[in-house]
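All figures in this text were calculated on a predicted structure; none of them were measured in a lab. Numbers here simply count residues along the sequence, with the first being 1. The figures that follow rest on heavy atoms only: side chains count, while hydrogens, waters and symmetry mates do not.
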Amino acid sequence: DVIHALSANGVVTVFAGISGTTGATNDSLTTSTFSNPRGLCMDLAGNLYVCDTANHMIRKISPQGAVTTYAGIAGQVGNDDGDRSVATFSSPRDIALTSDESLIITCPGSHTIRKISKTGAVTTIG
């Protein structure tokens, strides 16, 4: 699965991922893989956060094009709070950045709303 970009003049290109390939590989824009990427948001530093829905995690794309797992564990479905490296998600779909630079994520798989603080703490808020 891929993430597309739309240029100012209306041209659609592949921004990240490999067409026809799903997975949870972290690397560069052209070699990383995703599985059903959905919601996107950008922080003040230019990092792009992606709900990698079918992998049940949040991915981060740096301004330099490095793709990493920001929160969650590939393929592990759950609703566990804690540090972002051990927290689990269930089909995260939409994401937004708050004024205090926390991320708010909807997880329809568990009917919850999750928060990732700037320090990396994941909590269920709804």
Side-chain angles (χ1 to χ4, degrees):
D1 290 339
V2 298
I3 299 168
H4 289 99
L6 177 63
S7 71
N9 61 352
V11 177
V12 177
T13 58
V14 172
F15 173 71
I18 303 168
S19 286
T21 302
T22 60
T25 304
N26 290 318
D27 199 19
S28 69
L29 292 173
T30 58
T31 59
S32 293
T33 55
F34 299 86
S35 188
N36 201 13
R38 294 285 183 140
L40 307 168
C41 76
M42 187 172 286
D43 69 14
L44 302 175
N47 295 298
L48 183 67
Y49 296 89
V50 180
C51 289
D52 197 352
T53 302
N55 281 324
H56 308 286
M57 58 187 185
I58 308 303
R59 310 288 287 284
K60 177 180 171 183
I61 302 174
S62 74
Q64 298 76 28
V67 178
T68 57
T69 299
Y70 185 71
I73 302 164
Q76 188 169 335
V77 181
N79 194 36
D80 298 322
D81 290 340
D83 184 77
R84 63 185 173 88
S85 63
V86 296
T88 56
F89 296 84
S90 183
S91 304
R93 184 165 299 162
D94 294 305
I95 188 167
L97 184 72
T98 66
S99 61
D100 70 353
E101 296 185 61
S102 295
L103 296 170
I104 304 296
I105 301 106
T106 62
C107 293
S110 59
H111 307 286
T112 59
I113 299 172
R114 312 291 296 285
K115 176 181 177 181
I116 305 174
S117 71
K118 189 174 179 179
T119 62
V122 177
T123 54
T124 301
I125 60 172

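- Judged by distance alone, the side chains of T22 and S35 never bring a donor and an acceptor atom under 3.5 Å apart.
- No side-chain donor-acceptor contact under 3.5 Å links N55 to the backbone of M57.
- Checking side-chain atoms of S32 against main-chain N and O of N26 turns up no donor-acceptor pair under 3.5 Å.
- Judged by distance alone, with hydrogens and angles left aside, the side-chain atoms of T53 form a donor-acceptor pair with the main-chain N or O of N36 at under 3.5 Å.
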| query | Would I61 and F15 count as a side chain to side chain contact (heavy atoms under 4.5 Å, CB included) if you check the C-alpha gap in whole Å, the side-chain angles of each, and the deciding distance to 0.1 Å? | reply | CA-CA 11 Å; I61 302 174; F15 173 71; 4.0 Å; yes
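- The one candidate from T123, T88, N79, T106 that meets the side-chain hydrogen bond (donor to acceptor under 3.5 Å, both in side chains) condition with R114 is N79.
- Nearest heavy-atom pair across R38 and R93 is CB-O, 3.3 Å.
- What you find for T31 and S28 is that their closest heavy atoms are OG1-OG, 2.9 Å.
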| Can you list the steps and then say if I104 with I125 is a side chain to side chain contact (heavy atoms under 4.5 Å, CB included)? | CA-CA 9 Å; I104 304 296; I125 60 172; 3.9 Å; yes
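- In this structure, P63 and G46 approach most closely via the heavy-atom pair CG-O, 3.6 Å.
- With hydrogens and angles ignored, the 3.5 Å screen pairs no side-chain donor or acceptor of S91 with any backbone N or O of P108.
- Distance check, rounded to the nearest 0.5 Å: SG of C51 to CG of L40 gives 8.0 Å.
- If you take OH on Y49 and CE on M42, they are separated by 10.5 Å, rounding to the nearest 0.5 Å.
- Across L6 and V12, no two heavy atoms sit closer than the pair CD1-CG2, 3.7 Å.
- For the atom pair I58 CD1 and L103 CG, the distance stands at 7.5 Å (nearest 0.5 Å).
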| Worked verdict on T68 versus R59 for side chain to side chain contact (heavy atoms under 4.5 Å, CB included) | CA-CA 6 Å; T68 57; R59 310 288 287 284; over 6 Å; no
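- When all heavy atoms are compared, the tightest approach of A71 to I116 is CB-CD1, 3.7 Å.
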